[in-house]
Amino acid sequence: MEYILETHNLGKRYKDFKAVSNLDMHIPKGAIYGLVGKNGAGKTTCIRLICGLQKPTTGTYSIYGTSNTNPQIVNVRKRMGAIIETPSIYLDMTAKDNLIEQYKIIGLPTQNIRELLELVGLGDTGNKKAKNFSLGMRQRLGIAIALVGNPDFLILDEPINGLDPEGIIEIRELILKLNKEYGITFLISSHYLDELSKIATNYGFVDKGKIIKEVSSDELEKNCKKRIEIKVTNTKECVKYLEANKIPYEVIENNIINVYQNIDISEFTIALANKNCKVTEFHEKEESLENYYINLIGGGNNV
Amino acid sequence: MFKLLDAGFTRLRKSKAFLAVIIFTVVLALFMVYSQYSEMKTYNQVEELDRSLMNNITVTGIVIATFTSLFVGREYSDGTLRNKIIVGCSRTKIYLSNLILVISTSILAEIIHLAVVAAVGIPLLGGLVMPVKEFAIVLLCYTGIILAFSAIFTFIAMVISNKTIISIVSILLAFGLMMIAMTLFSKLEAPEYQQVGFLNESGEMEFKEEKNPKYLTPEQREVYQNIVNAIPSGQAFMVAGGYEIDFRILPLYSLADVIIFTGIGLYVFNKKELN
């Protein structure tokens, strides 16, 4: 798999406080990677390291295969854009002037400004200064600025913080559009799990500065969707039965099977008993993304 | 670097801080000519244009401090400095481009000041009294002072991340440097002997000349003079006051200020952890 960003044992220490520790992250090309963690988990520090704002104390990272220790990393960064905490905009300038400024910083001719503004829904802001924009508009302008130079990797740190529901929907749709239509890979940090679950294709769960699990959205969906967890004495016979009846399943451990379909318990138990297989435990489970995350980081005491 | 300068000058043209500097410069130049002209009329004395041309240098530090804190100092709070690093601009280039922008604005303001004073002052006060060669040397010192102030206040704006703290530190430092220069000058100019009044035996007031205890020793004088030479506000008072000193050494002190502050600033900014 081709990765846009990889980190290896990345660490950042501030005096006696470890903000990031042995962080390993892998962002596949074309993904919308959700970096999930509670406040203070190390998400923003991790992003600051990746963006070159701070230097890692330990470990390395590579963007498009170029290590942070390679001087060429400066050129590689031209292929990425980022919004960290607040959008980087000159508040006393219009949206158009902000984009002109960014084109000049990157050294590109000022073109497609209108298209870019329309793409983020700011085509009709005219001479309105950015300081008079709503938070959502500023966020979208920040994304437009980050899109100057056609980057193929965007990093958004808490992009929906403080936005109203309409603003959240606008940002979500914009991210999806940029990912699907323009093939832009996203790294999005957030603690709004439900919102993130609507767009993310991959997740990295971070706690105490470490990635504790990386999963794809498909895997996560499997883990979170309604399922029946069955403990049996003869896994082989049980699997035969499930396959014969085209019931979706997954063997979790030697004698534990997850079944992802409603089944007639009496019929199922009798059928297995006839094949010398006893059902010893039977649990119906459904897990939300929040529960999944809380379980990952070690229960409610950690939240 | 050119990309950053291109972007910087584009922003400068639209900046209210820049506009404020230009307006202030024009108003100050007109005020200086007017006040000299009214003195000339009131006291019927000859006023020199040279004074109007040079006097503004004493407040240049405050103008540069204010402009730098408003124009460069907001780059942290607006997140735009962060943005430049993210898109691959080197920290050294970011620092130097901001320094060049501050210097350019300050020199442009100076040119405007000279142009306004010349345009309005020559018809009212007459031409330059100072020999042209000497005026050229003074202008060189003048430019050196601007460079030194620019380096100092760019240093502050680039190593401190908080916009409010940048403004407070810059303005306080500008006034502080002015106060230091004034204090040192008062000490340097203290007379060696002073008149002391006392009552004689018949109860009449008499005066006698006594050695001034605050008169600086040659060693102290050298130290104080070197400090005055080294700080841009000290140089500004020398230029504005027309002191008889070797003006050729002042640009060297200014150059040293620029090298020291920019060197330290670049080192700190390159090591600085940004949020």
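Per chain, numbering begins at 1; letters A, B, ... match sequence-line order.
- Ranked by heavy-atom pairs under 4.5 Å with chain A, the list Ile85(B), Leu81(B), Asn275(B) is led by Asn275(B).
- A donor-acceptor contact closer than 3.5 angstrom links the side chains of Ser67(A) and Thr69(A).
- Residue Tyr14(A) touches chain B through its side chain alone, counting heavy-atom pairs closer than 4.5 Å.
- For the set Val74(A), Thr86(A), Ile105(A), the entry with the most heavy-atom pairs within less than 4.5 Å of chain B is Ile105(A).
- In this pair, His8(A) and His26(A) present their aromatic rings perpendicular. The plane angle is above 60°, beyond the 30 to 60° band.
- No donor-acceptor pair under 3.5 Å is formed between the side chain of Arg138(A) and the backbone N or O of Leu91(A).
- Between chain B and the options Gln102(A), Glu85(A), Met80(A), Arg79(A), the largest number of non-hydrogen pairs under 4.5 Å is found for Gln102(A).
- The closest side-chain heavy-atom distance from Met182(B) to Phe237(B) is below 4.5 Å.
- Neither side chain, Glu2(A) nor Tyr64(A), offers a donor N or O lying under 3.5 Å from an acceptor on the other.
- In this structure, no portion of Pro151(A) lies under 4.5 Å from any heavy atom of chain B.
- Looking at heavy atoms from C-beta onward, Lys43(A) lies in side-chain contact with Glu158(A) at the 4.5 angstrom threshold.
- Neither the backbone nor the side chain of Ile83(A) comes within contact range of chain B; no heavy atoms are under 4.5 Å apart.
- Residue Ile89(A) touches chain B through its backbone alone, counting heavy-atom pairs closer than 4.5 Å.
- Of the listed residues (Lys14(B), Lys272(B), Lys271(B)), the greatest number of heavy-atom pairs within a distance under 4.5 Å of chain A belongs to Lys14(B).
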